[in-house]
Amino acid sequence: MPTDSPITPLSRALAREASGIAGTATAMVVLEPPANAEFGDLATNVAMTLAGAAKRNPREIAEAIAGSLASADGLAGYIERAEVAGPGFINLTLSPRWFAGAARAIAEAGDDYGRGQADPPERILIEFVSANPTGPPHVGHARQAAYGDGVARILGYAGHDVTREFYVNDWGRQMELFGASVAARYGQLLGLPVEVPAEGYQGDYVNGIAEAMRDEVGDAYRDRVDPPDAEVLAFFAARGQALMLSTMTRDLERFRVRFDAFFSETTLHEGGAVERGLEALIGSGDAYEHEGALWFRTTAYGDEKDRVLRRSDGSSTYLAADVAYHLDKAGRGDDRLLDVLGADHHGYIARLRAVVAAGGYDPGILEVPIVQLVSLTEGGEAKRMSKRAGTLVTMGELMDDIGVDAARFFLVQRSHETAFDLDLDVARAEGNENPVYYVQYAHARIAGILAQAPGEPGDAGPPPDLDPSERTLLLTLCGWPEAVREAEHRRSPHRVASYLMDLARDFHAFYHRCRVVGEPPDVLAFRLHLLRATRSVIATGLGLIGVEAPDRM
RNA sequence: GCGCCAGUAGCUCAGUCGGAUAGAGCGUCGGUCUACGAAACCGAAGGUCACAGGUUCGAAUCCUGUCUGGCGCGCCA
């Protein structure tokens, strides 16, 4: 099954031919559409890259190569014109015969076009979102979810074996505070004069949790929440976080994100893994006592300063659990560990690397993509978000507001390395100003045409000539495998979104210039293949970023 | 002060393993529906790619320095 770009065979043939002529081997040949379509369909800088080694004038080499291409092995019949331009570029115009074959190949490959390019395929564990189950996921989590899941889908499509994991921070002081907050709200529901602790969770959603718990246990704890004893706090914390976690997973599933595993921090503490991790660090000399505390010598692995693992009061830090967690993960045998973190955690990277290295694993297996912050604008003004003021926009509210398709597309449209403002007015619009619909509309339009077109393209020969918009559209389709490869290598789903915008634009332009139904058999056959190929790539691409590809809108 | 990310059109951002005249969406202005979906298309206006040096046939892209913004720098998580 041909899953690579139809340009690749041309590129190989060109490299062979050029190397022969220049008398020196070439490693890389760039063969791609030129910036200006007037130059032709494809352009190559091969003569310029060979000029140095061959010690010859680039233009002279280019002329020689250009002159031989029409009869070259693997190129004959495909090259209509080859011209030398500028400092030594060779501009190629391809024949309708090549275009017809390429369109057909892509259409027939369908969903497999661009798939399975991983080299080599790896077993990859990707951890993302990983929030405290003490509040509903917000817009920042949504961005991390859209990013992490997009990366996971792309890696899987490329041929990697991917596992999605969510680390649940269900242990420690914040859980105690959460339990106390829920207990207080529960007491209030029963009419008791209990106050939520000052440092506790004040958000309205805590009431929802408390109501659910009252429905479960009635007034059984009426006499024990003011003040609450340790057992009561533990109960409210445990039940509260379970309810909160189910809310999160429900939101995430609605967002089309499913995890293969949820890993509880508490199990690390209760199962002794945290203690064993610290012992291991002490044993290997990576941890030491100082001023009553236990320190991790992360500076030995490039960190700015050493970090505390166990406080002088005997309690362990968050890092201690993360040591255990990452030793666990590294020990599972994956080729690669991806930790997707928010920008406010980037200072953690060196520590995590230190854990992996101290555990005796190659620290290179750990990758930590950082997702920058997202803010919202509405009516031209920044929407101030604050947890305290309760103005924080939740993931659920975002989905209610702009829909899942728009949310996923917008949140993944920009590089994860860039902080950006999501304009709610644009994202909310159901009309032509919304980029999501721009791509989806192209898909629906094609579905509409194909529904009216004859079932099979038939076996007609290539069309006599091509419209510029047909050339552009097909050449853009040829770029899909490369777009996937870039997205995979750079862990950048936004490249898929950008590509789809380009493809949709080229399709819409084609649509306005070329008819399909009712054309002569050769033209009809080519255009049907072009439509099928375009629809397939759009559907596949949208799928990789978790957006639906509707046949009607 | 140190570290990470960024600075590209009025706004939000692509493009950054060096390539020809730097792009898209939104916004503005002007055109296009009696043939497959106008949620679309075509055209126009809009740029010292933060600044200054350097590397070379060629720099938004690579190097050095400066300025500006976000985030971080805890025996918090």
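In what follows, every chain begins at residue 1, and chains take the letters A, B, ... in the order their sequences are listed.
- Here A:Ala453 lies out of heavy-atom contact (under 4.0 Å) with every strand.
- At a threshold of 4.0 angstrom between heavy atoms, the contacts of A:Gln413 with the nucleic acid are absent.
- A gap of 42 Å separates the C1' atoms of B:U68 and B:G31, to the nearest Å.
- Among the heavy atoms of the strands lying under 4.0 Å from A:His494 are primed sugar atoms or P, OP1, OP2 only; no base atom is included.
- In this model, a donor atom of one side chain and an acceptor atom of the other lie less than 3.5 Å apart for A:Asp306 and A:Thr299.
- Using a distance-only test at 3.5 Å, with no hydrogens or angles considered, no donor-acceptor pair links the side chain of A:Ser312 to the main chain of A:Gly292.
- One interatomic measurement links the two molecules: CG of A:Asn434 to C1' of B:A24, which rounds to 14 Å at whole-angstrom precision.
- If you check B:C76, B:G25, B:G37 against the side chain of A:Gln452, the one that comes closest is B:G37.
- The side chain to side chain donor-acceptor pair (under 3.5 Å) search around A:Arg143 returns none, not counting sequence neighbours.
- Residue A:Arg515 places its side chain closer to B:C36 than to any other of B:A77, B:C13, B:C36.
- Proximity of A:Arg307 to the phosphate of B:A77: no side-chain N or O atom is located under 4.0 Å from OP1 or OP2.
- Residues from residues 526-535 of chain A lying near RNA chain B, meaning a heavy-atom separation below 4.0 Å, are absent.
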Secondary-structure string, 5' to 3', Watson-Crick or G-U under 3.5 Å, | for another-strand partners, for RNA chain B: (((((((..((((.....[...)))).(((((.......))))).....(((((..]....))))))))))))....
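- Using atom C1' as the reference point in both B:G58 and B:U21, the two lie 15 Å apart (nearest Å).
- Side-chain atoms of A:Met48 lie closest to B:G19 of the nucleotides B:G19, B:C71, B:C41.
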Report each atom pair, protein N/O against N/O of nucleotides 21-23 of chain B, whose distance is under 3.5 angstrom.
| from | atom 1 | to | atom 2 | distance (Å) |
| --- | --- | --- | --- | --- |
| B:U21 | N3 | A:Asn36 | ND2 | 3.3 |
| B:U21 | O4 | A:Asn36 | ND2 | 3.0 |

Between protein and nucleotides 58-60 of chain B, what N or O pairs are separated by less than 3.5 Å?
none

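- Of the candidate nucleotides B:A40, B:C17, B:G19, B:C17 has the atom nearest to the side chain of A:Glu486.
- Closest to the side chain of A:Leu373, out of B:C71, B:C41, B:A35, is B:C71.
- Across all strands, A:Asn169 comes closer than 4.0 Å to no nucleic acid atom at all (heavy-atom distances).
- A:Asp286 meets the salt bridge (Lys or Arg N to Asp or Glu O under 4.0 Å) test with no other residue; sequence neighbours excluded.
- Taking the side chain to side chain donor-acceptor pair (under 3.5 Å) definition, one finds that A:Thr534 meets it with nothing, sequence neighbours left out.
- If you take CD1 of A:Ile61 and P of B:C57, they are 15 Å apart, rounded to a whole angstrom.
- A:Asp339 meets the side chain to side chain donor-acceptor pair (under 3.5 Å) test with A:His326, A:Lys329; sequence neighbours excluded.
- In this structure, of B:C41, B:C71, B:A38, it is B:A38 that holds the atom nearest to the side chain of A:Tyr441.
- Phosphate proximity of B:C41 to A:Tyr438: present, with a side-chain N or O under 4.0 Å from OP1 or OP2.
- Of the candidate nucleotides B:G37, B:G72, B:C76, B:G72 has the atom nearest to the side chain of A:Asp344.
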Please walk me through it: do A:Thr418 and A:Arg414 pass side-chain hydrogen bond (donor to acceptor under 3.5 Å, both in side chains)? CA-CA 7 Å; A:Thr418 303; A:Arg414 272 63 212 249; over 6 Å; no
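- At a threshold of 4.0 Å, the pair A:Glu199-A:Arg173 counts as salt-bridged, since one of the basic side-chain nitrogens sits closer than that to a carboxylate oxygen.
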Cut-off 3.5 Å, no hydrogens considered: what does the side-chain donor-acceptor table look like for residues 443-455 of chain A, sequence neighbours left out?
| from | atom 1 | to | atom 2 | distance (Å) |
| --- | --- | --- | --- | --- |
| A:His443 | ND1 | A:Pro550 | O | 2.9 |
| A:Arg445 | NE | A:Tyr441 | OH | 3.4 |
| A:Arg445 | NH1 | A:His508 | ND1 | 3.0 |
| A:Gln452 | NE2 | A:Gly448 | O | 3.4 |

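- Panel note: side chain A:Asn434, backbone A:Val426; a donor-acceptor pair is recorded below 3.5 Å.
- Neither OP1 nor OP2 of B:C57 sits under 4.0 Å from any side-chain N or O of A:Arg59.
- If you check B:U12, B:A77, B:G37 against the side chain of A:Ala444, the one that comes closest is B:G37.
- In terms of the side chain to side chain donor-acceptor pair (under 3.5 Å) criterion, residue partners of A:Arg491 (sequence neighbours excluded) are, by chain and number, A:Glu367.
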Go through it in stages, so that I can follow the logic: the residues are A:Thr476 and A:Asp506, the test is side-chain hydrogen bond (donor to acceptor under 3.5 Å, both in side chains), and I'd like the CA-CA distance, side-chain angles, deciding distance and then a yes or no. CA-CA 8 Å; A:Thr476 298; A:Asp506 292 341; 2.5 Å; yes
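- Contact check on A:Arg310 versus A:Glu275 returns a salt bridge, with a Lys/Arg side-chain nitrogen under 4.0 Å from an Asp/Glu carboxylate oxygen.
- Counting only residues at least two apart or on different chains, no salt bridge (Lys or Arg N to Asp or Glu O under 4.0 Å) pair has a member in residues 42-51 of chain A.
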The contact string for nucleotides 2-7 of chain B, one letter per nucleotide 5' to 3', using protein heavy atoms under 4.0 Å with B, S and - for base, sugar-phosphate only and none, comes out as -BBSS-
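- Comparing B:G10 with B:C2, their P atoms sit 33 Å apart, to the nearest whole Å.
- The same atom, P, is picked in B:C4 and in B:C42; the two are 43 Å apart, to the nearest Å.
- If you take atom C1' in B:G30 and the same atom in B:G46, they sit 15 Å apart, rounded to whole Å.
- Defined by atom type and a distance below 3.5 Å, a donor-acceptor pair is present between the side-chain atoms of A:Glu165 and A:Tyr325.
- Look at A:Tyr511 and you'll find a side-chain N or O under 4.0 angstrom from OP1 or OP2 of B:A38.
- Ranking B:G25, B:A77, B:C36 by closeness to the A:Ile449 side chain, first place goes to B:C36.
- A:Asp506 comes within contact range of no nucleotide atom at all, as no heavy-atom separation falls under 4.0 Å.
- In this pair, A:Tyr499 and A:Trp480 present their aromatic rings tilted. The plane angle is within the 30 to 60° band.
- As rounded to the nearest Å, B:G70 and B:G27 have C1' atoms that lie 26 Å from one another.
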Where do A:Phe166 and A:Phe263 land on the ring-ring contact (aromatic ring centres under 6.0 Å, His included) test, with the steps shown first? CA-CA 6 Å; A:Phe166 185 119; A:Phe263 196 107; over 10 Å; no
Evaluate the criterion ring-ring contact (aromatic ring centres under 6.0 Å, His included) for residue pair A:Phe128 and A:Tyr147; output intermediate values, then yes/no. CA-CA 9 Å; A:Phe128 58 105; A:Tyr147 172 78; 8.5 Å; no
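- The backbone N or O of A:Thr266 sits less than 3.5 Å from a side-chain atom of A:Ser264, completing a donor-acceptor pair.
- Residue A:Arg310 is out of contact with every strand shown, counting any heavy-atom pair closer than 4.0 Å.
- No engagement by A:Asp322 is indicated, since no non-hydrogen atom pair under 4.0 Å with the nucleic acid exists.
- Taking only side-chain nitrogens and oxygens, A:Arg513 never comes nearer than 4.0 Å to OP1 or OP2 of B:C42.
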